[in-house]
Amino acid sequence: MSNPTLLILAGDGIGPEVMTEVRKVIDWFGAKRDLVFDVSEDLVGGVAYDAHGKPLSDETMAKAMAVDAVLLGAVGGPKYDELDFSVKPERGLLRLRKEMDLFSNLRPAQCFDALADFSSLKKEIVTGLDIMIVRELTSGVYFGEPRGIIDDNEGGRIGVNTQRYTTNEIRRVARSAFELAKKRGNKVCSMEKANVMESGILWREEVQWVHDVEYPEVELSHMYADNGAMQLVRMPKQFDVIVTDNLFGDILSDCAAMLTGSLGMLPSASLGAPMENGRPRAMYEPVHGSAPDITGKGLANPCASILSFAMALRYSFDQGDEATRLEAAVETVLADGVRTADLMQAGDGTPASTTEMGDAVLAALEASL
Ligand code: IPM
Ligand code: MG
């Protein structure tokens, strides 16, 4: 059998710096665990725009469709702020999500014991926190038509976006949430705005239908998304799996992320339907962005990207034990007190560089053998 294939799209800002560390981790698994990947690299975002005039070339899109998993760094930066909307770096990312049909976006918000002090919430509220946000990623207001900015013919303009969900789009993401819940705390909370939006009413009804017909054994509750945001900061440990639409998921996952102390620690997986080889179409990326303020300074925390690769091991390559090994290595490093700048407070001393953090994870992996 041929080796599984990975496409690294490091992108902009700190993307290349953190993906260099991921590459070392991938190579370690090849050398030490006999998990050899065929890795290729290409451009996405602003760097792709610089090279091709588009944030994702058709050739790169075709490569993404052909590999077993895509590992993405980050896209965007101030240099590209003035670009036309249609060629902004973010459009490259949205094209990947849409054309790969990655409808289920898994964003775990887990609080590492060693980092509980970094949360903006009290330690007892976040210690042991382990939430999985499942965000619908290919529909809703991000892609709904009509959209645009039009003249109102009275000297003003109208900005239009459309929130739109179909039965099938809701059911398939609900299924992935229930499947995950069965392997975790067996609880799903679905969030929408059924009190003001018809798409929210449909969302609630369809999630309930999937529950009643296919997953009656999982505990399901519904919450308005604004209340959800409030509950996330009030008592986050009440949640196990949260399932929600594209826009609410974008917002709620940033909120949940901050509970854990640092965006620099949070991975994500975006999964689609199974391909011919049975693996889901998949892209893995850190939740943090391109962080232009620290780009090129060796300050970025590579853990979110490294943990995203752990998610790839688990969800694309059926290597749950090796994923756990990698996650445990990151925990060990944190428990040993290794800290990148994002995990430090003023007066804490000299932070570890991106490379030092990556090397510490490799050392912990080595020690795990
Ligand atoms: C995210 C980001 C993206 C989004 C941006 C970069 C387009 O905020 O992945 O959460 O809004 O989905
Ligand atoms: Mg976001």
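In listed order, ligands and their atoms are each counted from 1.
Looking at Arg107 against ligand 1, only its side chain comes within 4.0 Å, counting heavy atoms. The proximity of Arg91 to ligand 1, defined as any non-hydrogen pair under 4.0 Å, does not occur for either the backbone or the side chain. Contacts between Lys88 and ligand 1, counted as non-hydrogen atom pairs separated by less than 4.0 Å, are absent for every part of the residue.
By the 3.5 Å distance cut-off applied to N or O atoms, Glu90 is not counted among the residues near ligand 1. Between Asp250 and ligand 1, a contact under 3.5 Å exists for at least one N or O pair.
Thr260 places no side-chain N or O within donor-acceptor distance of the main-chain N or O of Ala256, the cut-off being under 3.5 Å. Judged by distance alone, the side chain of Glu136 and the main-chain N or O of Ser139 form a donor-acceptor pair under 3.5 Å.
Cation-pi check for Arg33 over Trp28 is not met; the charged atom does not lie both under 6.0 angstrom from the ring centroid and within 45 degrees of its normal. Geometric assessment of Arg135 against the ring of Tyr142 yields a positive cation-pi assignment under the 6.0 Å and 45° thresholds.
Among all non-hydrogen protein atoms, the one lying nearest atom 11 (O) of ligand 1 is Tyr142 OH, 2.5 Å.
Among heteroatoms of the N, O or S kind in Asp250, OD1 lies nearest the Mg ion (ligand 2).
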With side-chain contact (heavy atoms from CB on, under 4.5 Å) as the test, would you mind laying out the steps for Leu106 and Met311 before giving the verdict? CA-CA 9 Å; Leu106 278 41; Met311 291 186 89; 4.0 Å; yes
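The closest side-chain donor-acceptor pair between Asp42 and Thr60 falls under 3.5 angstrom.
Distances shorter than 4.0 angstrom do not occur between any heavy atom of Glu285 and any atom of ligand 1.
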